[in-house]
Amino acid sequence: MIQQGQKIPNGQLSELTPEGMKTHLSHELFAGKKVLLFAVPGAFTPTCSEAHLPGYVRLAEQFKVKGVDIIACVAVNDAFVMNAWGKTQQAEQLMMLADGDASFSKALGLEKDTGNFGGLRSQRYAMLIDDLTVSILKLEPGKGLDQSKAENLLALL
């Protein structure tokens with residue numbers, strides 16, 4: 001599992017933009033930037049839709065004031081689902097990134113098998129990445145939302 005002080009792996013993430021489908025390599029997207037990356041087990045799921053993503057949407061401007069260049073939400077869903085979820089959540093200031101095959105989550109060591117709920121997904125976490133190095137990592141120990149909620153990350157900046 002990735003730890004604070006380690007460099008993130010160079011994984012592939014997808015994003016549906018107004019210009020069409022984009023494939024990003026994490027090292028190219030995050031290099032030289034301060035990135036707040038948070039992961040949810042699935043788009044449109046209750047805790048993710050009612051609390052986790054809305055917190056980052058609500059506090060986006062405050063994160064930007066604190067020097068965050070990119071706020072990105074990632075889930076093991078496809079880019080079409082992530083785009084639709086972002087629209088329903090009014091998440092225009094965030095990047096909605098798809099880890100469709102869970103390869104990025106696996107490379108981080110933050111995947112989990114949810115069985116018949118949805119198969120291989122990401123654990124719920126939030127991390128601050130400073131020029132490709134993880135400076136803060138808040139992983140949820142189980143179900144629920146505490147460690148990785150937006151208010152906690154904002155307080156650490």
* Over all heavy atoms of both residues, which pair between Ala150 and Leu59 is shortest? Give the atoms and the distance, please. => CB-CD1, 3.8 Å
* To do: Quick one: pull up CG in Asp69 and CD1 in Ile129 and give me the separation to the nearest 0.5 Å.
  => 12.0 Å
* Asked: Can you tell me if Asp99 uses its side chain to pair, donor with acceptor, with the backbone of Phe104 under 3.5 Å?
  -> yes
* Asked: Which atom names give the shortest non-hydrogen contact between Ala79 and Ala98, and what distance separates them?
  -> N-CB, 3.4 Å
* To do: Give a yes-or-no answer on whether the side chains of Glu15 and His24 include a donor-acceptor pair shorter than 3.5 Å.
  => yes
* **Pro141 vs Gln147 side-chain heavy atoms within contact, under 4.5 Å** => yes
* Asked: Do Val68 and Val57 share a hydrophobic cluster (ILVMFWY, side-chain heavy atoms under 4.5 Å, transitive)?
  -> yes
* How far does NZ of Lys112 sit from CD of Glu140, to the nearest 0.5 angstrom? -> 9.5 Å
* To do: Give the minimum heavy-atom separation between Ala126 and Leu153, together with the two atoms involved.
  => CB-CD2, 3.6 Å
* Does a side-chain heavy-atom distance below 4.5 Å link Pro41 with Gln123? -> no
* Search all heavy atoms of Leu110 against all heavy atoms of Met127 and return the closest pair with its distance. => CD1-CE, 4.1 Å
* To do: Would you mind reporting whether Val40 and Thr45 have side-chain heavy atoms less than 4.5 Å apart?
  => no
* State yes or no: do Phe63 and Met95 share one hydrophobic cluster built from I, L, V, M, F, W and Y residues joined by side-chain heavy-atom distances below 4.5 Å, directly or via other members? => no
* To do: Work out which heavy atom in Val81 is nearest to a heavy atom in Ala43; give both atom names and the distance.
  => CG1-CB, 3.7 Å
* How long is the span from the CG atom in Leu132 to the OG atom in Ser26, to the nearest 0.5 Å? -> 7.5 Å
* Sorted by first residue and then second, give each side-chain hydrogen bond (donor to acceptor under 3.5 Å, both in side chains) pair with at least one member in residues 124-139; sequence neighbours left out. => His52-Arg124
* Heavy-atom check, side chain of Thr23 versus side chain of Gln12, under 4.5 Å -> yes
* Asked: Under a 4.5 Å cut-off applied to non-hydrogen side-chain atoms, are Phe38 and Cys73 in contact?
  -> yes
* Does the side chain of Leu137 come within less than 4.5 Å of Gln3's, by heavy atoms? -> no
* To do: Identify, with sequence neighbours excluded, every residue that meets salt bridge (Lys or Arg N to Asp or Glu O under 4.0 Å) alongside Glu151.
  => Arg58
* **Partner of Met96 under side-chain contact (heavy atoms from CB on, under 4.5 Å), chosen from Leu16, Val74, Leu53, Asn83** => Leu53
* **Leu36-Leu156 co-clustered via ILVMFWY side chain contacts under 4.5 Å** => yes
* Report the C-alpha distance between Lys64 and Ile71 in whole Å, list the side-chain angles of each, state the deciding distance to 0.1 Å, and finish with yes or no for side chain to side chain contact (heavy atoms under 4.5 Å, CB included). => CA-CA 9 Å; Lys64 300 282 181 169; Ile71 304 167; 4.2 Å; yes
* To do: Output the distance between atom CG (Leu97) and atom OG (Ser14), rounded to the nearest 0.5 Å.
  => 8.5 Å
* How far does CZ of Phe44 sit from OG of Ser49, to the nearest 0.5 angstrom? -> 6.5 Å
* Asked: At what distance, to the nearest 0.5 angstrom, does CD1 of Ile70 lie from CD of Gln93?
  -> 13.5 Å
* In terms of hydrophobic clusters joined by side-chain contacts under 4.5 Å, are Leu25 and Leu29 together? -> no
* To do: Spell out, yes or no, whether Leu94 and Ile136 are grouped together once hydrophobic residues are joined by side-chain heavy atoms under 4.5 Å, including indirect joins.
  => yes
* Asked: Leu13 versus Lys22: any side-chain heavy-atom pair under 4.5 Å?
  -> no
* Asked: Would a distance-only check, ignoring hydrogens and angles, find a side-chain to backbone donor-acceptor pair under 3.5 Å from Thr114 to Gly119?
  -> yes
* Asked: Do Leu120 and Lys106 come close enough that some side-chain heavy atom pair is under 4.5 Å?
  -> yes
* To do: Of all the heavy-atom pairs spanning Pro9 and His27, show the shortest one and how long it is.
  => C-NE2, 3.5 Å
* When you look at NZ of Lys33, are more than 12 heavy atoms from neighbouring residues, nucleotides or ligands closer to it than 6.0 Å? -> yes
